[in-house]
Amino acid sequence: MSGVDILGYAAGAITSLTFLPQVLKTWKEKSAKDVSLLMFIIAAINEVMWIAYGALLDNWVIILTNSIVLAMSLTMIYLKWRYNK
């Protein structure tokens with residue numbers, strides 16, 4: 001594995017943690033009233049596009065990183081829907 005690969009995987013791992021604090025806070029507090037639904041919808045669409053791009057390039061760093069962030073974005077959309085009923 002080259003230094004470039006290591007850098008890519010390290011950056012991907014850190015990027016994957018981007019939404020984790022918000023997901024955990026929302027789940028713990030069972031409240032999403034101050035969370036922007038539109039932001040997470042835009043993020044989810046963006047992640048789908050990045051996953052498609054990564055698939056076309058056969059780049060697993062892009063695919064894995066954005067799949068994790070997509071899962072967290074969809075989780076936040078669900079939590080927003082669930083707790084704002």
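Treat the numbers as computed from the prediction; the structure is a model and nothing was measured. Below, all heavy atoms of this structure are taken into account, side chains as well, without hydrogens, waters or symmetry copies.
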Open item on the list: Restricting to side chain to side chain contact (heavy atoms under 4.5 Å, CB included), what partner residues turn up for N46, sequence neighbours left out?
Closed with: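 Side chain to side chain contact (heavy atoms under 4.5 Å, CB included) list for N46, sorted by chain: W50.
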What is the distance from atom [atom1] of [X] to atom [atom2] of [Y], rounded to the nearest 0.5 Å?
X: M49; Y: E47; atom1: CE; atom2: CD; result: 10.5 Å
X: T26; Y: M76; atom1: OG1; atom2: CE; result: 3.5 Å
X: Q22; Y: L79; atom1: CD; atom2: CG; result: 9.5 Å
X: K80; Y: I41; atom1: NZ; atom2: CD1; result: 10.0 Å
X: Y78; Y: F40; atom1: OH; atom2: CZ; result: 16.0 Å
X: S2; Y: L7; atom1: OG; atom2: CG; result: 9.0 Å

Group every Ile, Leu, Val, Met, Phe, Trp and Tyr by side-chain heavy-atom contacts under 4.5 Å, then state whether [X] and [Y] land in the same group.
X: Y53; Y: I68; value: no
X: I51; Y: L57; value: no
X: V61; Y: I6; value: yes

Task: Shortest non-hydrogen separation from S16 to V69 and the atoms involved - done: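 What the structure gives for the nearest pair is CA-CG2, 3.8 Å.
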- [ ] Indicate the atoms forming the closest heavy-atom contact of I77 with A44, along with that distance.
- [x]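 Heavy-atom minimum between the residues: CD1-CB, 4.2 Å.
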Are any of the side-chain heavy atoms of [X] and [Y] separated by less than 4.5 Å?
X: I63; Y: N59; answer: no
X: I42; Y: I45; answer: no
X: L64; Y: S67; answer: no

Task: Whether over 12 other heavy atoms sit under 6.0 Å from K30 NZ - done: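 Above 12, so yes.
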Task: Under 3.5 Å donor-acceptor, T65 side chain and I62 backbone - done: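 Side chain of T65 to backbone of I62: no pair is present.
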Task: Criterion side chain to side chain contact (heavy atoms under 4.5 Å, CB included) on M39 and F19, from CA distance to verdict - done: CA-CA 11 Å; M39 189 206 88; F19 293 153; 3.8 Å; yes
